[in-house]
Each structure stands twice: as C-alpha cells, then as structure tokens.
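One structure below.
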Amino acid sequence: MDEYINTGLIIEDINDPFLILNNDIDKVLIIDDAMDNRTLLSELLMPNHKVFLAKDGAQGLSLACKHTPDLILLDVVMPGMNGHQVIKSLKSDESTFNIPVIFISSKISPEDEKIGLDLGAVDYITKPFHPPIVQARVRNHLRGQRHKNLLEQLALIDSLTEIYNRRFYELDIKKVWSACNRNETQLSIAMIDIDFFKSYNDEYGHLNGDNALRVVANHIKKQLKRPHDIIARYGGEEFAVILPHTDAESAQRLLSEVCTSVEDLQIAHDSSSISHYLTISVGGASTIPTRDMDHESFLKIVDEHLYQAKAQGRNKVCWRSATA
C-alpha cells in the first residue's frame with residue numbers, strides 16, 4: 001500500500017487558507033460550485049493529497065495556473081463558466097494543457113460522457129459518486145501521470161552525462177526568453193566547448209573521454225547555484241548554459257570562475273597545446289529580449305564569441321552585452 005503524508009486541506013475559496021506542508025506529494029484541484037461536493041471530495045482525498053478548492057470556473061483556472069496540480073476534478077454544470085468551458089481554457093494554455101481532468105457530473109447519458117472525453121477529459125465520474133470509486137480512479141490516474149512525467153523527464157536527460165540534453169535546452173529557452181521579454185529582465189546564455197577534445201579521445205580512448213565529459217558536465221552544474229540556472233549538453237563536447245535574470249558582468253564573472261575551476265580539476269591532457277590539463281573555452285552574451293529579437297539570432301552572437309575564445313588561445317571566456 002502506498003504511503004502518503006497527510007498535509008491537510010488547502011482551501012482557497014475562504015479567507016484563511018491552510019499552509020502547504022509538503023511539496024512532494026500529489027496535488028488535486030477540485031472545481032465545483034456546490035460546497036457539499038467540495039467538502040465531501042476534499043475529505044475523501046485530504047489524507048493522501050494536497051487538496052485545493054475552487055468554487056467556480058474562473059477561480060479554478062487561476063488556481064490551476066498558480067499551483068499546476070497533478071489532477072483536476074471538474075464539475076460540468078456550474079453557473080457562469082461551466083466545466084466544458086473550463087477544460088477548453090485549460091487545454092488552450094501551454095502551462096495547464098497536460099494536467100489530466102476528471103469530469104464529475106450528474107449528467108449520466110453516454111452522449112454527455114462522450115462530449116467530456118472528446119474535450120480532453122481522462123475520465124468521467126457520475127453523481128451521486130461512490131467514495132471508493134472516486135479514490136481508486138484518482139489513485140490510478142495519478143499513478144499514470146507520475147509514470148508519464150517520469151518518462152518525459154527521462155527524455156530530457158542526456159544519458160551519458162545525466163544533465164539536461166539539447167531538447168530540454170530548446171524547450172526551456174523558449175519559456176525563459178518569453179518570460180525575460182515580458183518582464184524586461186536580463187538574460188545571459190553561454191556556450192562551452194572542451195578544448196582539443198578530439199585529441200583527448202585519440203590519446204586516452206573514448207571510455208576515458210566519456211568519463212571526462214561526465215566529470216566536466218557535473219562540475220559545471222554544481223557551480224550553478226540557483227535552481228533556474230541550467231546547463232545542457234548541446235552536442236558532442238559542447239554545453240549550453242542559461243542564466244535568467246543575470247547581467248553581463250555577473251555572467252562573465254561566473255563563467256570565468258567555471259573556466260578556471262575546470263582546469264583546477266587537473267584532468268590530465270598531455271596532447272593539449274595550452275595546458276597539461278583539460279580546459280574549456282566559453283562564449284557568451286547578455287541581453288534583455290525584445291519583440292524585435294529572437295533566440296536563434298542571439299545564439300549566433302553567443303557562438304561568435306565562443307569562436308573568438310578559441311581564436312584567442314582557448315581556456316578563456318569571451319562575452320558581449322548584446323542589444324536589439
């Protein structure tokens with residue numbers, strides 16, 4: 001039997017919501033205009049899950065965006081925005097598109113159920129509902145969602161270095177670029193290349209080369225202290241670093257420290273013409289994204305500075321503060 005932490009009820013349709021005590025268990029959002037239904041469903045689920053309550057569709061959408069629940073129980077018949085309108089809004093928003101929705105409704109005809117499933121619901125529970133059935137279906141859908149999330153996460157991890165891969169970088173940079181554009185905040189991007197890595201593989205063999213990639217990748221990752229700073233393997237021996245809310249001076253200082261610390265790992269590289277140890281070259285740029293800019297054009301600036309770092313002798317950082 002699965003073990004759960006009892007976190008209590010998170011009620012956001014009253015003035016004194018309870019505190020969320022644990023962030024690791026599943027979150028369930030209940031959207032229902034009937035207080036009796038909200039109370040009954042929350043009592044069923046509260047011992048095993050974080051439960052959020054919304055008394056109408058608009059509040060439900062707001063909570064869904066704010067908390068990104070793992071599952072939504074959604075009433076169909078509600079005044080104002082009904083359940084069908086709510087799920088359409090959920091499915092049209094990238095941040096809530098993948099949240100599974102179970103409809104709960106007194107409409108029990110096959111046609112009503114078909115409409116709900118066609119709109120994107122994963123299940124349909126009819127009223128009056130049986131508590132053990134609700135608990136079992138919620139448990140099963142949450143288990144399936146966890147497995148799906150795990151597979152999606154694995155697809156974004158580089159199997160060799162166990163850091164993020166290029167696909168993750170391309171997904172993440174779109175979100176970060178848009179957020180920095182919207183908030184008019186600084187964004188810094190760096191490209192990192194391990195110097196003379198082909199000769200390293202030739203001299204020490206590909207198994208040692210793979211191990212060197214793992215060591216360097218995870219060493220750089222440890223230097224990124226903030227949770228929203230990320231490193232991804234971009235391809236071969238090249239890595240990309242995304243630093244949101246970071247100006248040119250701060251980014252260049254951080255990457256210079258990284259550059260020095262990689263050489264300080266003292267990974268022997270006798271075939272290097274610049275050091276006895278493995279080193280990296282870094283190119284980067286910082287900007288405040290605007291509507292007139294795009295990430296692809298900006299990345300060319302980053303690449304140009306990586307080439308400059310190599311042309312100027314490698315084992316160094318070349319940086320630019322870019323503007324539109």
Q. Val215 versus Asn211: any side-chain heavy-atom pair under 4.5 Å?
A. yes
Q. Can you tell if the side chain of Asp264 reaches within under 4.5 Å of the side chain of Tyr277, non-hydrogen atoms only?
A. no
Q: Output, in order, the C-alpha distance, side-chain angles, deciding distance and verdict of salt bridge (charged side-chain N to carboxylate O under 4.0 Å, His left out) for Lys198 and Asp202.
A: CA-CA 6 Å; Lys198 182 180 185 302; Asp202 292 342; 3.2 Å; yes
(Q) Is a donor from one side chain sitting under 3.5 angstrom from an acceptor on the other, for Arg143 and Asn140? (A) yes
Q) Which atom names give the shortest non-hydrogen contact between Val317 and Trp319, and what distance separates them? A) CG1-CE3, 3.9 Å
(Q) Is it the case that atom NZ in Lys127 sees more than 12 heavy atoms from other parts of the structure closer than 6.0 Å? (A) yes
Q. With a 4.5 Å heavy-atom cut-off, do Ser42 and Leu53 have their side chains touching?
A. yes
Q. Counting N and O atoms only, with roles assigned by atom type, does the side chain of Lys221 sit under 3.5 Å from a partner on the main chain of Ile163, one being a donor and the other an acceptor?
A. no
Q.
Show, in sequence, the C-alpha distance, side-chain angles and deciding distance for Ile173 and Leu187, and conclude whether the side chain to side chain contact (heavy atoms under 4.5 Å, CB included) test is met.
A. CA-CA 10 Å; Ile173 192 59; Leu187 170 63; 4.2 Å; yes
Q: Could you verify whether a donor N or O on one side chain and an acceptor N or O on the other, from Thr279 and His269, lie under 3.5 Å apart?
A: no
Q | More than 12 heavy atoms from other groups under 6.0 Å of CZ on Arg291 | A | no
Q | Heavy-atom closest contact (Lys27 atom, His67 atom, distance) | A | NZ-O, 2.5 Å
Q) Can you find a pair of side-chain heavy atoms, one from Leu306 and one from Ser281, that are under 4.5 Å apart? A) yes
Q.
Between Asp70 and His49, is there a side-chain heavy-atom distance shorter than 4.5 Å?
A. no
Q. Looking only at heavy atoms, what is the nearest atom pair of Ser261 and Val258, with distance?
A. OG-O, 2.9 Å
Q: Report yes if some heavy atom in the side chain of Ile242 is under 4.5 Å from a heavy atom in the side chain of Trp177; otherwise report no.
A: no
Q: Give the intermediate values and the outcome of side chain to side chain contact (heavy atoms under 4.5 Å, CB included) for residues Asn165 and Leu156.
A: CA-CA 6 Å; Asn165 59 20; Leu156 300 175; 4.3 Å; yes
Q) More than 12 non-hydrogen atoms from neighbouring residues, nucleotides or ligands closer than 6.0 Å to CD on Glu162, yes or no? A) no
(Q) Within this structure, what is the CG-CD1 distance for the pair Leu73 and Ile125, rounded to the nearest 0.5 Å? (A) 6.5 Å
Q | 4.5 Å side-chain heavy-atom contact, His305 and Gln308 | A | yes
Q) Taking the side chain from Glu203 and the backbone from Ser271, do they hold a donor-acceptor pair closer than 3.5 Å? A) yes
Q. Quick one: NZ on Lys91 to CD1 on Ile99, what's the gap to the nearest 0.5 Å?
A. 8.0 Å
Q: Could you tell me which non-hydrogen atom of Leu243 sits nearest to which non-hydrogen atom of Ala251, and how far apart they are?
A: CD1-CB, 3.9 Å
Q: Could you walk me through whether Asp56 and Asp33 pass the side chain to side chain contact (heavy atoms under 4.5 Å, CB included) test, one step at a time?
A: CA-CA 5 Å; Asp56 56 43; Asp33 66 300; 5.8 Å; no
Q: Look only at the side chain of Asp75 and the backbone of Gly83, and say whether a donor-acceptor pair between them is shorter than 3.5 Å.
A: no
Q. Do Leu63 and Ile87 belong together in a cluster built from hydrophobic side chains that touch within less than 4.5 Å?
A. yes
Q. Tell me, do Asn37 and Ile104 make a side-chain contact under 4.5 Å, heavy atoms counted?
A. no
Q.
Under a 3.5 Å distance rule, please check whether Glu170 uses its side chain to pair with a backbone N or O of Arg167 as donor and acceptor.
A. no
Q. Is the distance between the ring centroids of Phe103 and His84 less than 6.0 Å?
A. yes
Q: Take atom NE2 of His276 as the centre, draw a 6.0 Å sphere, and report whether it contains more than 12 heavy atoms from other residues, nucleotides or ligands.
A: no
Q) Do the side chain of Ser92 and the main chain of Ser89 share a donor and acceptor less than 3.5 angstrom apart? A) yes
Q | Minimum heavy-atom distance Met191-Ala240, with the two atoms named | A | SD-CB, 3.6 Å
Q) Residues two or more places apart in sequence or in another chain: which of them pass salt bridge (charged side-chain N to carboxylate O under 4.0 Å, His left out) with Asp247? A) none
**Q.** Verify same cluster id: Ile72, Val76 (apolar side-chain graph, 4.5 Å)
**A.** yes
Which pairs of donor and acceptor atoms, one on a side chain in residues 309-316, lie under 3.5 Å apart (sequence neighbours left out)?
residue: Lys310; atom: NZ; partner: Asp193; partner atom: OD2; Å: 3.3
residue: Asn315; atom: ND2; partner: Glu263; partner atom: OE1; Å: 3.0
residue: Lys316; atom: NZ; partner: Gln312; partner atom: O; Å: 3.1

Q | Euclidean distance, Ile192 CD1 relative to Ile280 CD1, rounded to 0.5 Å | A | 5.0 Å
(Q) Main chain of Gly236, side chain of Arg233: is a donor-acceptor contact present, judged purely on distance under 3.5 Å? (A) yes
Q. How many angstroms lie between atom CG of Leu90 and atom CD1 of Ile31, to the nearest 0.5 angstrom?
A. 6.5 Å
Q: Kindly state each residue pair satisfying ring-ring contact (aromatic ring centres under 6.0 Å, His included) with at least one member in residues 123-176, sequence neighbours excluded.
A: Tyr164-Phe168, Tyr169-Tyr234, Tyr169-His295
Q: Carefully, step by step, assess Lys114 and Asp118 under the rule salt bridge (charged side-chain N to carboxylate O under 4.0 Å, His left out).
A: CA-CA 6 Å; Lys114 179 180 182 301; Asp118 286 343; 2.7 Å; yes
Q. Ignoring hydrogens and geometry, is there a side-chain-to-backbone donor-acceptor pair from Arg320 to Ala285 under 3.5 Å?
A. no
Q) To the nearest 0.5 Å, what is the distance between CG (Leu224) and CG (Leu255)? A) 8.0 Å
Q.
Determine whether a donor-acceptor pair (N or O, by modelled atom type, separation under 3.5 Å) exists between the side chain of Thr260 and the backbone of Ser256.
A. yes
Q. Is a side-chain donor-acceptor pair under 3.5 Å present for Asp93 with Ser95?
A. yes
Q. Hey, is the main chain of Pro244 close enough, under 3.5 Å, to the side chain of Thr246 for a donor-acceptor pair?
A. yes
Q: Report the C-alpha distance between Ile102 and Val122 in whole Å, list the side-chain angles of each, state the deciding distance to 0.1 Å, and finish with yes or no for side chain to side chain contact (heavy atoms under 4.5 Å, CB included).
A: CA-CA 6 Å; Ile102 297 178; Val122 297; 3.9 Å; yes
**Q.** Inter-residue atom distance Ser250.OG - Leu254.CG, 0.5 Å rounding
**A.** 9.0 Å
**Q.** Taking every non-hydrogen atom, the tightest pair across Val86 and Met78
**A.** CG2-CE, 4.2 Å
Q: Could you point out which residue of Leu44, Leu71, Asp123, Asp26 forms a side chain to side chain contact (heavy atoms under 4.5 Å, CB included) with Val138?
A: Leu71
**Q.** Same cluster (ILVMFWY, side-chain, under 4.5 Å), Met81 and Phe52
**A.** yes
